[in-house]
Amino acid sequence: SDLNLRANFSQTVARPSIRELSDVAIYDYSLRTFVFGNSDLKPVHIKNYDLRLEWYFKNRNLISGGVFYKDFRNNIEIVNAGAVSWQNVDKSYVAGIELDGKKSITKYFDLMVNATFANSSTTFTRTRLETSGGVKDYIPLDKVTRPNFGQAPYIFNTILAYNSPDKIGLTATLSYNVQGKRLAISSAIKEIPDVYEMPRNMFDFKVTKKLGKYFGVNLTVRDILNTAIRRAYIYADGTQIDYDKFRYGTSFVLGVTYKL
């Protein structure tokens, strides 16, 4: 067996997109409301700290675990300040652990598992957006602390994979994913609670078959259970009121490949 210890530090910059910087209102079909751009956005500065231990065994088995910490300055989030728009937040961080494992069940079956547990926090100055003569003015109200935009407190993935002998040329994977509730729209108005996207169980399946030396065919089935996407207002006392609820449907993708 082999044992590796890895440490990493990096600094990155994430710049606003043209859409986020454009002072126009465009209807967002995902959020089901108009979203205004914000030309006052600043780049996001991120410091990344990672420490990881990896342990490799025979028969393709492995176990690994790591801790991470990310420090954000001017993180960009979707905020409801009377109108939904992108805004920089003062400071935020994400800290957590990540665990990975791979186990060879039989000669042809492998089980892979990944779990991430994260704690995130954002210090955010709530403001009221006012416009006069085409000029935007953000009026400070108070400061709040809440989870980071889009950051789930846990993420769990598992894959069961089948690889047949080369002469058969058949591979198949069944995957499962679930994430904890994620902040979808933060509120800059006291009377309006934040909107969270609730957990959903996702199953996907893919099978690939070689046809001769050069051709292959594959079938992918996404979201087998056709699970609903549910977003809800969550009040301080835990009360939940649906913001929206919808389904994309199960999708089937059939493909043919040719390799030179």
Side-chain angles (χ1 to χ4, degrees), residues 1-10 12 14 30 44 46-72 75 92-122 147-164 170-184 196-208 218-231 247-248 250-253 255:
S1 62
D2 295 321
L3 190 64
N4 296 326
L5 179 64
R6 305 176 188 273
N8 177 68
F9 169 75
S10 63
T12 55
S30 174
V44 185
I46 312 166
K47 293 181 180 179
N48 306 281
Y49 305 83
D50 298 276
L51 182 65
R52 189 169 192 85
L53 182 66
E54 302 169 334
W55 198 354
Y56 296 90
F57 303 90
K58 296 180 179 179
N59 300 322
R60 311 186 304 275
N61 297 331
L62 70 89
I63 297 175
S64 68
V67 294
F68 59 87
Y69 179 84
K70 299 179 184 295
D71 180 73
F72 299 83
N75 197 27
S92 55
Y93 73 84
V94 178
I97 61 174
E98 183 176 14
L99 304 172
D100 293 275
K102 181 180 178 182
K103 172 64 177 176
S104 178
I105 302 174
T106 68
K107 186 177 180 180
Y108 304 117
F109 282 94
D110 291 327
L111 179 65
M112 291 159 279
V113 177
N114 167 269
T116 301
F117 303 93
N119 177 60
S120 65
S121 178
T122 290
N148 280 21
F149 170 78
Q151 178 63 56
Y154 65 86
I155 303 172
F156 181 77
N157 299 284
T158 183
I159 298 176
L160 179 63
Y162 170 76
N163 291 281
S164 68
L170 179 70
T171 62
T173 58
L174 177 65
S175 60
Y176 168 74
N177 167 268
V178 65
Q179 301 186 33
K181 67 178 183 181
R182 297 177 292 171
L183 183 64
Y196 284 82
E197 181 175 334
M198 309 308 288
R200 56 194 294 247
N201 297 298
M202 294 280 293
F203 285 92
D204 299 324
F205 176 74
K206 182 175 182 178
V207 59
T208 302
N218 59 77
L219 172 66
T220 303
V221 184
R222 298 192 179 99
D223 194 4
I224 296 173
L225 300 180
N226 188 20
T227 52
I229 298 173
R230 175 176 172 256
R231 292 178 290 199
R247 302 173 191 269
Y248 284 122
T250 301
S251 63
F252 300 83
V253 181

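Since this is a predicted model, take the numbers as computed values, not measurements.
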If we only count heavy atoms from C-beta on, is the [X] to [Y] side-chain gap below 4.5 Å?
{"X": "P199", "Y": "Q179", "result": "no"}
{"X": "Y108", "Y": "L170", "result": "no"}
{"X": "D204", "Y": "N177", "result": "no"}
{"X": "F9", "Y": "K47", "result": "yes"}
{"X": "N114", "Y": "M112", "result": "no"}
{"X": "L225", "Y": "T250", "result": "no"}
{"X": "I229", "Y": "E197", "result": "yes"}

Measure across [X] and [Y] and return the closest heavy-atom pair with its distance rounded to 0.1 Å.
{"X": "N75", "Y": "F72", "value": "OD1-CD2, 3.9 Å"}
{"X": "A152", "Y": "G180", "value": "CB-O, 3.6 Å"}
{"X": "A118", "Y": "V94", "value": "CB-CG1, 4.1 Å"}
{"X": "S104", "Y": "D110", "value": "CA-OD1, 3.4 Å"}

Test side-chain contact (heavy atoms from CB on, under 4.5 Å) applied to T158 and F156, step by step: CA-CA 7 Å; T158 183; F156 181 77; 4.2 Å; yes
CA sep, side-chain torsions, deciding dist, call: L174, Y162, side-chain contact (heavy atoms from CB on, under 4.5 Å): CA-CA 9 Å; L174 177 65; Y162 170 76; over 6 Å; no
To the nearest 0.5 Å, what is the distance between [atom1] on [X] and [atom2] on [Y]?
{"X": "D50", "Y": "K70", "atom1": "CG", "atom2": "NZ", "value": "5.0 Å"}
{"X": "T208", "Y": "N163", "atom1": "OG1", "atom2": "CG", "value": "10.0 Å"}
{"X": "L111", "Y": "N61", "atom1": "CG", "atom2": "CG", "value": "10.5 Å"}
{"X": "L5", "Y": "W55", "atom1": "CG", "atom2": "CH2", "value": "13.5 Å"}
{"X": "T227", "Y": "N201", "atom1": "OG1", "atom2": "CG", "value": "7.0 Å"}
{"X": "D71", "Y": "S92", "atom1": "CG", "atom2": "OG", "value": "7.5 Å"}

Under 3.5 Å side-chain donor-acceptor pair for N148 and Y93: no
Donor-acceptor side-chain pairing of N48 and S10 below 3.5 angstrom: yes
Steps toward salt bridge (Lys or Arg N to Asp or Glu O under 4.0 Å) verdict (R200, D223): CA-CA 10 Å; R200 56 194 294 247; D223 194 4; 3.3 Å; yes
Test side-chain hydrogen bond (donor to acceptor under 3.5 Å, both in side chains) applied to S64 and E54, R52, E98, the passing residue: R52
Residues F203, Y176; criterion ring-ring contact (aromatic ring centres under 6.0 Å, His included); working and verdict: CA-CA 5 Å; F203 285 92; Y176 168 74; 4.8 Å; yes
Residue pair I155, R182: steps toward the side-chain contact (heavy atoms from CB on, under 4.5 Å) verdict: CA-CA 11 Å; I155 303 172; R182 297 177 292 171; over 6 Å; no
Main-chain N/O of N226 paired to R247 side chain as donor or acceptor, under 3.5 Å: yes
Verdict with reasoning, T122 to F149, per side-chain contact (heavy atoms from CB on, under 4.5 Å): CA-CA 8 Å; T122 290; F149 170 78; over 6 Å; no
